[in-house]
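A short worksheet on the structure shown next.
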Amino acid sequence: QVQFVESGGGLVQPGGSLRLSCAATGNIFSIDVMGWYRQAPGKQRELVATIGRYGRTRYADSVRGRFTISRDNAKITVDLQMNSLKPEDTAVYYCNVDPPTTWGRGTQVTVSS
């Protein structure tokens, strides 16, 4: 089983940037595709971006061109650089594998003036 610890969330104004980080522990040898998900109030959790072991990336249409996912295979970490943030990006952001397993606590991102 793999556990995830997310960090880096906060309050930011529209147009601003944040960088989220995630550390994975446990049965890390089984990890192939890692990703970031988010859940806004009253909405279902959605996939934001994924990255494969060798760097292949995939993004939701709503964040493509603004968010960048990266990973460090040695440290088993995955980051999400978020630029040009919009109020609709407000959500709790979670790190997980794809397809997802056990969820961590997530990190809150709030975009508001």
Side-chain angles (χ1 to χ4, degrees):
Q1 188 173 359
V2 182
Q3 295 81 39
F4 304 95
V5 179
E6 303 93 345
S7 62
L11 173 64
V12 63
Q13 292 186 343
S17 299
L18 279 176
R19 187 176 184 88
L20 306 183
S21 295
C22 171
T25 60
N27 187 16
I28 60 176
F29 300 105
S30 66
I31 293 178
D32 183 7
V33 179
M34 297 185 70
W36 283 93
Y37 301 74
R38 68 185 181 187
Q39 187 167 21
K43 295 187 177 181
Q44 289 189 329
R45 191 154 12 205
E46 63 174 351
L47 180 65
V48 175
T50 63
I51 184 167
R53 182 187 301 270
Y54 301 109
R56 183 171 183 174
T57 58
R58 180 164 60 101
Y59 296 92
D61 289 343
S62 58
V63 307
R64 188 175 292 111
R66 301 187 297 121
F67 290 10
T68 302
I69 190 171
S70 60
R71 70 188 280 172
D72 184 324
N73 288 330
K75 298 179 181 178
I76 315 299
T77 59
V78 59
D79 291 352
L80 186 69
Q81 177 66 41
M82 306 186 296
N83 299 327
S84 302
L85 282 162
K86 304 175 181 180
E88 51 264 44
D89 294 318
T90 296
V92 179
Y93 283 71
Y94 301 88
C95 170
N96 211 314
V97 294
D98 182 28
T101 58
T102 303
W103 295 100
R105 297 182 63 179
T107 185
Q108 176 71 48
V109 171
T110 303
V111 185
S112 175
S113 56

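Side-chain contact between Ser112 and Pro87 is absent, with no heavy atoms from C-beta onward closer than 4.5 Å. At least one side-chain heavy atom of Gln108 sits less than 4.5 Å from a side-chain heavy atom of Thr90. Put simply, the side chain of Trp36 reaches to within 4.5 Å of the side chain of Glu6, judged on heavy atoms.
Relative to the six-membered ring of Tyr94, Arg45 meets both conditions, a distance below 6.0 Å and an angle of at most 45° to the axis.
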Could you list the donor-acceptor pairs under 3.5 angstrom formed by side chains in residues 15-24, with sequence neighbours left out?
{"unit_1": "Ser17", "atom_1": "OG", "unit_2": "Asn83", "atom_2": "OD1", "d": "2.9"}
{"unit_1": "Arg19", "atom_1": "NE", "unit_2": "Asp79", "atom_2": "OD2", "d": "3.4"}
{"unit_1": "Arg19", "atom_1": "NH1", "unit_2": "Gln81", "atom_2": "OE1", "d": "3.1"}
{"unit_1": "Arg19", "atom_1": "NH2", "unit_2": "Asp79", "atom_2": "OD2", "d": "3.3"}
{"unit_1": "Ser21", "atom_1": "OG", "unit_2": "Asp79", "atom_2": "OD1", "d": "3.2"}

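Salt bridge annotation for Asp89-Lys86: absent, with no cationic side-chain nitrogen under 4.0 angstrom from a carboxylate oxygen.
Closest non-hydrogen pair, Phe67 versus Val48, comes out as CD2-CG1, 3.7 Å.
Side-chain heavy atoms closer than 4.5 Å link hydrophobic residues (I, L, V, M, F, W, Y) into clusters, and following such links, possibly through other members, connects Val2 to Met34. If you chain together hydrophobic residues whose side chains sit under 4.5 Å apart, Val63 and Leu85 fall into the same group. Hydrophobic clustering, with ILVMFWY side chains joined whenever heavy atoms are under 4.5 angstrom apart, keeps Val33 apart from Val78.
Screening residues 104-113 for salt bridge (Lys or Arg N to Asp or Glu O under 4.0 Å), with sequence neighbours left out, gives no hits.
Scanning for ring-ring contact (aromatic ring centres under 6.0 Å, His included) contacts around Tyr37 gives Trp103, with sequence neighbours left out.
Put simply, CG on Asp32 and CD1 on Ile51 are 11.0 Å apart, with the number rounded to the nearest 0.5 Å. Separating the CZ atom in Arg38 from the OG atom in Ser62 is a distance of 4.5 Å, to the nearest 0.5 Å. Between Thr77 atom OG1 and Asp72 atom CG the span is 4.5 Å, to the nearest 0.5 Å.
Checked by atom type and distance alone, the side chain of Tyr59 pairs as donor or acceptor with a backbone atom of Ile69 at under 3.5 Å. With hydrogens and angles disregarded, no donor-acceptor distance shorter than 3.5 Å links the side chain of Arg66 to the backbone of Met82. Here the side chain of Arg71 pairs a donor or acceptor atom with the backbone of Gly52 at under 3.5 angstrom. Listed for the Asn96 side chain is a donor-acceptor partner under 3.5 Å among the backbone atoms of Thr101. Between the side chain of Thr107 and the main chain of Ser7, no donor-acceptor pair closer than 3.5 Å is present.
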Step-by-step side-chain contact (heavy atoms from CB on, under 4.5 Å) determination, Phe4 to Val97: CA-CA 9 Å; Phe4 304 95; Val97 294; 3.8 Å; yes
Pair Arg58-Leu47, side-chain contact (heavy atoms from CB on, under 4.5 Å): steps then yes or no: CA-CA 10 Å; Arg58 180 164 60 101; Leu47 180 65; 3.6 Å; yes
